[in-house]
Amino acid sequence: MAGLAVTAGVAAGYFAAARLGLSMAFVAEQVTVVWPPTGIAVAALVAYGPVAALGVFAGALAANVTIGEPVPAAACIAAGNTVAGVCAWWLLRRAGFGAALDRIWDVMALLGLAGAAASVVSATAGVLTLCLSGLQPWSAFDGLWWIWWLGDLMGVVLVAPLLLTLSRRARWPAARTAEAALLFAALAAVALVVFAGRLPAVPAGQQLAYAVFPFVIWAALRFRQRETAGAMALIAVVAVWGTVRGFGPFG
């Protein structure tokens with residue numbers, strides 16, 4: 001029964017995140033640089049083991065079918081996403097990965113093995129499927145592959161750390177709680193002004209993106225991994241939302 005609940009929860013989370021990512025696909029309908037499901041898959045597999053793989057496959061299959069892909073192509077893409085997640089889980093286990101991210105080695109393993117290395121599997125399987133099925137031309141293979149790989153990598157970098165550390169509880173005094181509230185309120189305000197404000201999208205304006213850096217440093221020096229991952233995720237959400245709508249320095 002627990003396994004069924006894990007499968008259903010992972011499938012639902014993966015599907016929702018996938019549809020969100022695919023709604024921001026501009027180069028090709030099936031390929032997007034915004035792909036949080038990979039982070040969900042890696043975190044779920046680390047937390048629950050291979051039982052989460054079926055949920056990853058089901059969520060990926062449903063997401064691809066609902067954007068109009070033929071079922072065989074959607075199944076191949078979902079299989080590639082699932083195998084990539086399982087490869088990431090296996091590599092992290094072999095590396096002695098700690099989900100608390102307390103060591104530099106854990107962070108490097110997550111980025112290098114679960115992110116950069118395992119994403120090669122899903123990007124290759126996915127783009128090959130698109131080209132072999134005629135959904136995309138072979139001339140676009142290289143560009144689509146890099147976008148797919150980068151989207152998976154960013155999903156691991158931004159989403160997996162947040163999910164892996166979210167369950168960690170911290171007993172804070174009132175002063176530390178107030179500081180955390182101030183940090184995230186100030187960060188949200190600055191991120192909204194920089195990335196979602198109606199600022200001119202000129203090259204010099206890209207320097208405004210650095211305004212959020214002091215807040216990430218604040219989170220890293222004064223708090224733990226959970227809060228730092230939360231700060232990064234908050235910035236990413238606001239930056240992507242604003243940029244997609246043409247606001248901010250990258251609009």
Side-chain angles (χ1 to χ4, degrees), residues 1-21 34-64 77-123 125 149 151-172 180 219-220 223-234 236-237:
M1 196 66 179
L4 182 60
V6 169
T7 298
V10 173
Y14 194 103
F15 174 80
R19 288 309 306 264
L20 175 64
V34 181
W35 195 246
T38 304
I40 294 175
V42 170
L45 284 160
V46 168
Y48 300 107
V51 68
L54 182 57
V56 173
F57 179 81
L61 178 62
N64 284 283
I77 292 173
N81 292 346
T82 306
V83 171
V86 173
C87 287
W89 167 76
W90 183 83
L91 289 170
L92 290 175
R93 285 197 65 188
R94 296 282 294 177
F97 174 74
L101 299 175
D102 286 329
R103 304 171 298 171
I104 292 295
W105 172 249
D106 298 327
V107 177
M108 298 306 296
L110 183 66
L111 301 185
L113 300 178
S119 296
V120 170
V121 177
S122 54
W149 178 84
D152 281 3
L153 175 61
M154 289 298 100
V156 173
V157 169
L158 294 171
V159 178
L162 178 62
L163 296 179
L164 290 171
T165 59
L166 199 59
S167 61
R168 302 193 69 183
R169 296 290 183 263
R171 293 183 177 274
W172 290 342
F223 297 94
R224 295 182 61 82
Q225 287 85 342
R226 181 184 61 176
E227 291 74 35
T228 308
M232 292 174 57
L234 174 60
V237 168

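When reading the values below, keep in mind they use all heavy atoms of this one structure, side chains included, and skip hydrogens, waters and symmetry mates.
- At a threshold of 4.5 Å between non-hydrogen side-chain atoms, the residues Val42 and Leu92 count as touching.
- At most 12 heavy atoms of other shown residues, nucleotides or ligands fall within 6.0 angstrom of atom OH in Tyr48.
- Between Val86 and Ala53, the shortest heavy-atom distance links the atoms CG2-CB, 4.0 Å.
- Distance alone, capped at 3.5 Å, is enough to place a donor-acceptor pair between the Ser122 side chain and the Ser119 backbone.
- Around CZ of Arg93, the count of heavy atoms belonging to other residues, nucleotides or ligands within 6.0 Å does not exceed 12.
- How far CG of Leu162 is from CE of Met232: 10.0 Å, rounded to the nearest 0.5 Å.
- Here the closest heavy-atom approach between residue Ala44 and residue Val10 is recorded as CB-CG2, 3.7 Å.
- A donor-acceptor contact shorter than 3.5 Å is absent between the side chain of Trp35 and the backbone of Met154.
- If you run side chain to side chain contact (heavy atoms under 4.5 Å, CB included) between Phe97 and each of Leu91, Asp106, Leu113, only Asp106 comes through.
- Under the 3.5 Å distance criterion, the side-chain polar atoms of Trp105 are matched with a main-chain donor or acceptor of Ala95.
- Separating the CD atom in Glu227 from the CG atom in Leu166 is a distance of 9.5 Å, to the nearest 0.5 Å.
- We find the CG-CG distance between Leu158 and Leu163 to be 11.0 Å, quoted to the nearest 0.5 Å.
- The two residues Ala220 and Thr228 have their closest heavy-atom pair at CA-OG1, 3.3 Å.
- Here the CG atom belonging to Leu101 is positioned 12.5 Å from the CE atom belonging to Met108, to the nearest 0.5 angstrom.
- Interatomic distance, Asn64 CG to Phe15 CZ, rounded to the nearest 0.5 Å: 10.0 Å.
- Residues Val159 and Thr38 form no side-chain contact, since every pair of their non-hydrogen atoms from C-beta on lies 4.5 Å or further apart.
- Taking every heavy atom of both residues into account, Pro37 and Ala17 meet most closely at CG-C, 3.6 Å.
- Taking all atoms of both residues into account, the shortest heavy-atom contact from Ala41 to Tyr14 is CB-CE1, 4.1 Å.
- Here the CG-OG1 distance, from Leu54 to Thr82, works out to 8.5 Å after rounding to the nearest 0.5 Å.
- Of all the heavy atoms in Thr165 and Ala100, the pair that sits closest is CG2-O, 4.0 Å.
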